[in-house]
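One-based numbering, in listed order, for ligands and for the atoms of each. The first residue in the sequence is number 1, and the count goes up from there.
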Amino acid sequence: MTNRTDTREWDAGAYDTLNAPMTARGNDAVARLELRGDETVLDAGCGTGEVTATLLERLPRGHAIALDGSRAMLDAARERFAADARVSFLHADLGEPLTGPLGGARVDAIVSTSTFHWVRDHDALFRHLAGALTPGGQLVVDCGGAGNIAAVLDALRALGHHEHPWTYAGVGETEARLRAAGFDRTDVRLVPRTTRFESDEQLERFLTSVVLRTFVTELGDEAGGALVRDVAARLPAREIRWVRLEVVARLSDAGAAA
Ligand SMILES: C[S@@+](CC[C@H](N)C(=O)[O-])C[C@H]1O[C@@H](n2cnc3c(N)ncnc32)[C@H](O)[C@@H]1O
């Protein structure tokens, strides 16, 4: 049973009707993986599994581990892949070491899309990822980066909300974190993208269930709905401007840093 006041939980049904921008970016990230087709790949923050499905097209003889911290999201992914023996499921928190949840096993690659900005401590996050990878293993990431949804943050501040749940990291600090964790071949960049909405209702639905989800959960439907409308009204256009942090990295052949 999903707890509606738990900010780790997502409305998986609503997410599946709104996921087009995340799926497009996620599919681009999967395309950046170098795969033979028989590897084991961890999808870190798989959500309902839309991007995992694209990953599985690249793994005809391989295995995907679909990991998520939201039970509702993971249940939706479990249902989607019920008949696919190539997928296993893991309810785990990326803020914690992954060696326990993975039972000490290591994966050939990790892909993560639209997730890492929800994790507070990126130093620890990259250490946990390195600890879960085989030496020379790949990491491919898309997540919100420095400058992401700046107009939404401006609107939130103007409405008195100075705290937010996201970590929007830049290139230099991410490169330093990767190297400290043991990655030695790194390509990190910030890439602008824009999602345009056809109606105020579409924009407000997206803000409610994706971008401002934790605010709405904490404030409740009435006050949360008012916040969503106020933020939407303050945006300069009916669009969300993203700045994505894109990472392609390889763990050193010696493995994770001690
Ligand atoms: C916006 S969704 C992205 C889902 C999917 N990767 C996609 O691109 O559609 C973010 C996902 O990250 C998960 N997530 C956020 N923080 C997490 C954490 N600390 N540990 C595990 N999963 C987390 C959420 O539960 C959610 O399913």
Side-chain angles (χ1 to χ4, degrees), residues 2-4 6-33 41-56 64-81 87 89-102 109-129 131-132 139-145 148-149 152 164-169 193 195 205-217 240 242 244-247:
T2 299
N3 179 353
R4 284 202 67 219
D6 183 344
T7 54
R8 286 170 304 185
E9 278 307 333
W10 288 65
D11 180 339
Y15 185 76
D16 262 347
T17 67
L18 297 163
N19 63 5
M22 286 72 82
T23 302
R25 296 190 303 249
N27 289 346
D28 288 352
V30 168
R32 290 192 278 275
L33 283 165
V41 182
L42 174 69
D43 185 352
C46 63
T48 62
E50 192 85 36
V51 176
T52 323
T54 307
L55 172 63
L56 285 164
I65 301 173
L67 177 152
D68 207 276
S70 156
R71 289 201 183 276
M73 290 296 228
L74 200 61
D75 285 349
R78 213 187 290 274
E79 203 171 309
R80 184 189 297 255
F81 301 116
V87 192
F89 305 91
L90 207 50
H91 181 249
D93 182 353
L94 293 165
E96 304 291 330
L98 293 171
T99 33
L102 286 170
I110 298 173
V111 65
S112 182
T113 63
S114 296
T115 296
F116 284 178
H117 51 274
W118 292 104
V119 181
R120 273 284 179 213
D121 182 346
H122 276 203
D123 292 314
L125 170 64
F126 287 112
R127 276 199 308 277
H128 301 155
L129 298 169
L139 173 66
V140 173
V141 179
D142 150 83
C143 67
N148 197 40
I149 62 167
V152 173
H164 65 69
W166 308 295
T167 299
Y168 291 142
R193 297 225 194 181
T195 300
R205 280 190 62 222
F206 193 87
L207 288 171
T208 301
S209 294
V210 181
V211 179
L212 298 178
R213 181 184 62 84
T214 54
F215 290 88
V216 175
T217 302
I240 296 189
W242 315 97
R244 309 306 296 178
L245 182 70
E246 294 186 354
V247 175

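With salt bridges taken as basic N to acidic carboxylate O contacts below 4.0 Å, one links Arg32 and Glu246.
Of the protein's non-hydrogen atoms, the one nearest atom 6 (N) of ligand 1 is Gly45 O, 2.7 Å. Protein heavy atom closest to atom 19 (N) of ligand 1, with residue, atom name and distance, is Asp93 OD1, 2.9 Å. Among all protein heavy atoms, the one lying closest to atom 25 (O) of ligand 1 is Asp68 OD1, 2.5 Å. Regarding atom 10 (C) of ligand 1, its nearest protein heavy-atom neighbour is Ser114 O, 3.3 Å. Closest to atom 24 (C) of ligand 1 among all protein heavy atoms lies Trp10 NE1, 3.2 Å. Looking at atom 14 (N) of ligand 1, its nearest protein heavy atom turns out to be Thr115 CG2, 3.8 Å. With hydrogens left out, the protein atom closest to atom 8 (O) of ligand 1 is Thr113 OG1, 2.8 Å, a heavy atom.
The part of Ala92 lying near ligand 1 is the backbone, judged by heavy-atom distances below 4.0 Å. Only the backbone of Cys46 comes within 4.0 Å of ligand 1, judged by heavy-atom distances.
The closest approach between any non-hydrogen atom of Thr23 and ligand 1 is not below 4.0 Å. Ligand 1 lies nowhere less than 4.0 angstrom from a heavy atom belonging to Asn19.
Under the 3.5 Å distance criterion, with hydrogens and angles disregarded, a donor-acceptor pair is assigned to the side chains of Thr54 and Asn27. No side-chain N or O of Thr113 forms a donor-acceptor pair with one of Arg25 less than 3.5 Å apart. Counted by atom type alone, Arg80 and Thr52 present zero donor-acceptor pairs between their side chains at under 3.5 Å.
No more than 12 heavy-atom neighbours from other residues, nucleotides or ligands sit within 6.0 angstrom of CZ on Arg8.
Distances between N or O atoms of Leu94 and those of ligand 1 include at least one value under 3.5 Å. At a 3.5 angstrom cut-off on N or O pairs, Asp43 does not count as close to ligand 1. Note: an N/O pair closer than 3.5 Å links Tyr15 and ligand 1 by distance alone.
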Checklist entry - Under the salt bridge (charged side-chain N to carboxylate O under 4.0 Å, His left out) criterion, do Arg78 and Asp68 qualify, and how do the steps go? => result CA-CA 11 Å; Arg78 213 187 290 274; Asp68 207 276; over 6 Å; no
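Interface atoms of ligand 1 facing Ser70, defined by a heavy-atom separation under 4.0 Å, are 25 (O). Ligand-side atoms of ligand 1 in range of Met73: 27 (O), range being under 4.0 angstrom from any heavy atom. The ligand atoms of ligand 1 that sit less than 4.0 angstrom from a heavy atom of Trp118 are 15 (C), 16 (N).
Considering Ala76, Gly47, Gly69 only, the shortest heavy-atom separation from atom 23 (C) of ligand 1 involves Gly69.
Tested against Thr48 for a side-chain hydrogen bond (donor to acceptor under 3.5 Å, both in side chains), the candidates Asn19, Asp16, Thr23 yield a single pass: Asp16.
When all heavy atoms are compared, the tightest approach of Phe81 to Leu56 is CE2-CD1, 3.5 Å.
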